[in-house]
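The structure appears below as structure tokens.
These numbers were taken from a predicted model, which means no experiment stands behind them. In the text below, chain A, chain B and the rest are named by the order of the sequence lines, each starting its count at 1.
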Protein chains: 2
Amino acid sequence: MGIRKGRRPGSPDTRAAILAAARDAFAERGFDRASIRQIAASAGVDPALVHHYFGTKDELFLAAVQAPADPRELLPQVLAGDREQLGERLVRMFLGVWDSPAGPAAAGILRAAVSHEWSARLIREFLVSQVLRRVAAELDVPDSDRRVALVASQLMGLAMARYIIKLEPLASAEPAWIVAAVGPALQRYFTGELPDLPTMG
Amino acid sequence: MGIRKGRRPGSPDTRAAILAAARDAFAERGFDRASIRQIAASAGVDPALVHHYFGTKDELFLAAVQAPADPRELLPQVLAGDREQLGERLVRMFLGVWDSPAGPAAAGILRAAVSHEWSARLIREFLVSQVLRRVAAELDVPDSDRRVALVASQLMGLAMARYIIKLEPLASAEPAWIVAAVGPALQRYFTGELPDLPTMG
DNA sequence: GGCAGAATTCATCACCTGTTGAATTCCACG
DNA sequence: CGTGGAATTCAACAGGTGATGAATTCTGCC
């Protein structure tokens, strides 16, 4: 009676279960407050097994949140089409990702990025080298790196307000409305007039 | 010899020292990773004294981060003047607060808001009832609550990108440039054309 | 001078954390 | 049928956490 030691019969994919539990835990409780013991319990498994599969907690986090969405797959859809509606397409895709099953993972990354420098570095490197740089290369306007950073700031703010802080009425607004409201703002960052760099002195 | 028990001579304002240490700790390590023991040590004091002055850790946090800036004092300066430059004035003030000594406290609140629902509620209530509602009341356009929420999202994103994630070139950009770049975006949210609410079906 | 009360520390408690190493059980292959 | 290796659990370690209650020393007042 009770749970015996040793290998269990059948072949449940325990590894995947742990990963799923970790994903959930990190997403809704953040890195610090998500505990390995709790993740293990939630996966119906001993904590040591978590360490057996994924080493340390940091590694588990990396395994759990890696690639919530692949920019190499998504960006071309956004970049294709006329440049005058780039902003709206980007917001639409952004909301699509966050409202998808990948959303919680993204929330986990964002939560972790706020409290851990190494995770902030992670998201920064990801944004810069996987997303922003590619978009910037596709734009044929000057100051493209500044432009994409402004775009990133608005999108991060949108995610914070809508999914983390849950600020109303943004949190429960229709995606279509948000696209129409925020899209043009991004469009201006992309292709509109921006100030020159201030000349010192 | 060594540190004796009991009341110490002189009158160093220990309470203020604890508060300052707590402020620093919460700002740069967030709520979870800031420990009372460490705050106490950093203030040259026993952990129990921290509990003696401020009760629980939550209460200490509230005492440490309350009112990094008083909207009742700052908002009138922003709202005064012509409506066509409201956006720029708001960005300028926002950057002013974050670049001031109050900035770290603001960062602490933001960090905590991301990992704790009760703290997210805190910042949400603060934003809604102390800032957004007042600004909305001052605007004479329809949909003012939606407009201010959009503004809040852009400002939160700016804070995240510049002060938390430290995304370049935003992180080290000149405030004047940011004002000129982001101001008009906020201005559009405030007084520009926004889409109607989508009609369902 | 004595006494109330505030300031401060000490010594804990109970708990949770990540992590490790050994023990056990099962499966697959020879 | 046996054996090696993978899956899984148990038991524990070492450390950190917030919190509490009692003890001690000082200050200020009468």
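Distances were taken from every side-chain heavy atom of B/Val45 (C-beta onward) to each of C/dT9, C/dG18, D/dA19; the shortest belongs to C/dT9. Among the nucleotides D/dT8, D/dC10, C/dG18, the one closest to any side-chain atom of A/Thr14 is D/dT8. If you check C/dC10, C/dG21, D/dG18 against the side chain of A/Ala48, the one that comes closest is C/dG21. Distance from the side chain of A/Thr56 is smallest for C/dT19 among the nucleotides C/dG18, D/dA19, C/dT19. Among the nucleotides C/dG21, D/dA12, D/dT8, the one closest to any side-chain atom of A/His52 is D/dT8. For A/His51, the side-chain atoms get nearest to C/dT19 when compared with the rest of C/dT19, D/dA7, D/dT9. In the set C/dG18, D/dA19, C/dC10, C/dC10 carries the atom at the smallest distance from any side-chain atom of B/Asp46.
Nucleotide D/dA19 holds its C1' atom 12 Å from the CD atom of B/Glu59, rounded to whole Å. A straight line from CZ of B/Arg15 to C1' of C/dT8 spans 15 Å, rounded to a whole angstrom. Rounded to whole Å, atom P of C/dG18 lies 12 Å from atom CG of B/Asp32. Atoms CZ (A/Phe61) and C1' (C/dG18) sit 17 Å apart, rounded to a whole Å. Whole-Å rounding puts the A/Ile39 CD1 to C/dC16 P distance at 16 Å. For the pair A/Arg33 CZ and C/dC15 C1', the interatomic distance rounds to 15 Å; values are reported in whole Å. Rounded to an integer number of Å, the gap from CZ of B/Phe54 to C1' of C/dA7 is 14 Å. The separation between B/Gln38 atom CD and D/dG15 atom P is 18 Å, rounded to whole Å.
With 3.5 Å as the limit, one finds no donor-acceptor pair spanning the side chains of A/Thr191 and A/Glu84. A/Ser42 and A/Gln38 share no side-chain donor-acceptor pair at under 3.5 Å.
Checking A/Ala34 against B/Val50, the closest nucleotide of DNA chain C that is more toward the 5' end is the one next to B/Val50. Of the two residues contacting DNA chain C, namely B/Arg37 and A/Phe31, the nearest-nucleotide position lying further toward the 5' end is that of B/Arg37.
When heavy atoms are screened at a 4.0 angstrom cut-off, B/Leu49 is found touching base atoms of the nucleic acid. Using a 4.0 Å heavy-atom cutoff across all strands shown, A/Ala40 reaches no nucleic acid atom at all.
An OP1 or OP2 oxygen of C/dA6 is reached within less than 4.0 angstrom by no side-chain nitrogen or oxygen of B/Tyr53. At C/dC16, none of the side-chain N or O atoms of A/Ser35 fall inside 4.0 Å of OP1 or OP2 (strictly under the cut-off).
Under the 4.0 Å criterion applied to side-chain N and carboxylate O atoms, B/Arg162 and B/Asp99 are assigned as salt-bridge partners. For the pair A/Asp32 and A/Arg111, the salt-bridge criterion is not met [side-chain N within less than 4.0 Å of a carboxylate O].
Using a distance-only test at 3.5 Å, with no hydrogens or angles considered, a donor-acceptor pair links the side chain of B/Arg147 to the main chain of B/Pro142. Here the side chain of B/Lys166 pairs no donor or acceptor atom with the backbone of B/Met160 at under 3.5 angstrom.
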